[in-house]
Protein chains: 2
Amino acid sequence: MREKSEETQKQILDAAKKIFAAKGLAGARMQEIADEAGINKALLHYYYRNKEKLFEQVFEGAIRKLLGPLASFLADDSELFTKIRNLCHHYYNVLIEYPFIPIFVLSEASANPDRFLRLMKFEGVVEAKEKTRMQIQQYINEGKIRPIDPRELLWNIMSLCIFPIVSRPIAVEILYSNDDVSEVLKQRADRVADFVIQSIKM
Amino acid sequence: MREKSEETQKQILDAAKKIFAAKGLAGARMQEIADEAGINKALLHYYYRNKEKLFEQVFEGAIRKLLGPLASFLADDSELFTKIRNLCHHYYNVLIEYPFIPIFVLSEASANPDRFLRLMKFEGVVEAKEKTRMQIQQYINEGKIRPIDPRELLWNIMSLCIFPIVSRPIAVEILYSNDDVSEVLKQRADRVADFVIQSIKM
DNA sequence: ACATTTTTTAACCAAATGGTTAAAAACAAA
DNA sequence: TTTGTTTTTAACCATTTGGTTAAAAAATGT
């Protein structure tokens, strides 16, 4: 009995994931989520009191899957170029599986950054990022890489990892004229890492 | 008399720009736009029949400002590194003024690409892009730059130019802890161009 | 068979919102 | 002052939408 209930709740969360990703918080309709989950609105509200709570649940779950490992990768003691490579792979691995995460963060964390920031702090991303920032600065001071604002370097890496996921549907049309882009994306983690490393190495 | 009318319409468009950028199409409220413009809802509907039309006007105007010059920059005969620099500057210039363009294109034009693709073809972006692709390929063949799939290079440039605009509200908090990021963004066009060129040059 | 839990049905409410209307008022040009 | 245009006021409508309710029904466990 408990199984059935939990299965339904998972169906709801999956449906919500999909609809929220496509329409955003404001654009999503509770009825549409219920339809997508194959249930009715009453049951939807039975399990999740309201839209906000439902969104919060979906959003936080997704973000945790991204941020937890990210913090680990940022905080570990590996050499910088290795770390960059790890970062790229992590981003691509998670985002290919959960491509809706960036859309969430971009459309919703912009409107309401508090929630997102709270999660970041909880997962320890802030400190981990600071550590990497110092590592980059040290590499620059030691003349191991070209001078660059560490924040810009991190922002560049994020851009190169996240944007292709988000823009995939458009890129398929304007760049890869309907070729299969899945394979391209899978190999892209290494290509992007190469691109970044090539740009900063002496 | 005509002046006053047109001034009001411009105030409306400016207000709409701002609100749509912050809240998106679904999240924006006509009342809020009217308030922002310093007029009332009746007058807002007097000049712009409905929300859709208002958005269409703002959006198409903005996208033309992006695509038209983009096609020109892609199609002209300048040297590749210059072209990359021009591209970056153009992206940053337009997107700082119309930061909602990427969000809309990503969220709405993905599901219904007709309008966007129509505009792209109309502005001649497709042919211009093809020309640049060939130029890149030629540079590679002549050993002037490192080998890279031209499509990936273009995708990287787009990522580095567009994503920071989209992720600005988040970056302000997690990277630039509430520093003024406007100045950073303005200077970023050149930095990004450097970054790209550094990465591909021999 | 009985009790418990899950799900549906279907009607309903309240608030928000896009949009309309018509008349008054403010304004500018002649 | 007269005339035409712009703007405000303020009430109003229709629809959408989030959310509730209560009872029936279906499914499930014991």
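Proteins come first, then strands; the chains are lettered A, B, ... in the order of their sequence lines, and each starts at number 1.
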Subject >> Out of C:dT6, D:dA10, C:dG19, whichever nucleotide has its closest atom nearest the side chain of A:Tyr47 >> reply: C:dT6
Original post:
In terms of side-chain heavy atoms of B:Met30, which of D:dT8, C:dT6, C:dG18 is nearest?
Top reply: C:dG18
Original post:
For C:dA16, does OP1 or OP2 lie under 4.0 Å from any side-chain N or O of B:Arg29?
Top reply: no
Original post:
Can you check side chain to side chain donor-acceptor pair (under 3.5 Å) on A:Gln9 and A:Ser5, steps first, answer last?
Top reply: CA-CA 6 Å; A:Gln9 292 181 55; A:Ser5 168; 3.1 Å; yes
**OP:** Side chain of B:Lys41 only, please: which of C:dG18, C:dT9, D:dT8 is the nearest?
**Re:** C:dG18
Original post:
Under 3.5 Å, is there a donor-acceptor pair between the side chain of B:Asn93 and the main chain of B:His89?
Top reply: yes
**OP:** In whole angstrom, give the distance that lies between atom CG of B:Leu44 and atom C1' of C:dT17.
**Re:** 13 Å
Original post:
Are B:Asp194 and B:Arg85 within salt-bridge range, i.e. N to O under 4.0 Å?
Top reply: yes
Original post:
To the nearest angstrom, how far is B:Leu25 atom CG from C:dG18 atom C1'?
Top reply: 12 Å
Original post:
Rounded to whole angstroms, how far apart are CG on A:Asn40 and P on C:dT6?
Top reply: 15 Å
Original post:
How is A:Ala26 classified with respect to the nucleic acid when contacts are heavy atoms under 4.0 Å: base, sugar-phosphate, or nothing?
Top reply: nothing
Original post:
Is the phosphate of D:dT20, meaning OP1 or OP2, less than 4.0 Å from a side-chain N or O of A:His45?
Top reply: no
Subject >> Selected nucleotide, minimal atom distance to A:Tyr46 side chain, candidates C:dT6, C:dG18, D:dG19 >> reply: C:dT6
**OP:** Looking only at side-chain atoms of A:Thr8, point me to the closest of D:dT8, C:dG19, C:dT7.
**Re:** C:dT7
Original post:
Around atom NZ of A:Lys18, are there more than 12 heavy atoms of other residues, nucleotides or ligands at under 6.0 Å?
Top reply: no
Original post:
Once you round it to whole Å, what is the distance between C1' of D:dT15 and CD of B:Glu52?
Top reply: 15 Å
Subject >> Under 3.5 Å donor-acceptor pair, B:Lys51 side-chain atoms to C:dG19 base atoms >> reply: no
Original post:
Do we get A:Arg188 above B:Trp155's six-membered ring, with its NZ or CZ under 6.0 Å from the centre and within 45° of the axis?
Top reply: yes
**OP:** Scan A:Ala28 against the nucleic acid and name what it touches under 4.0 Å (heavy atoms): base, sugar-phosphate only, or nothing.
**Re:** sugar-phosphate
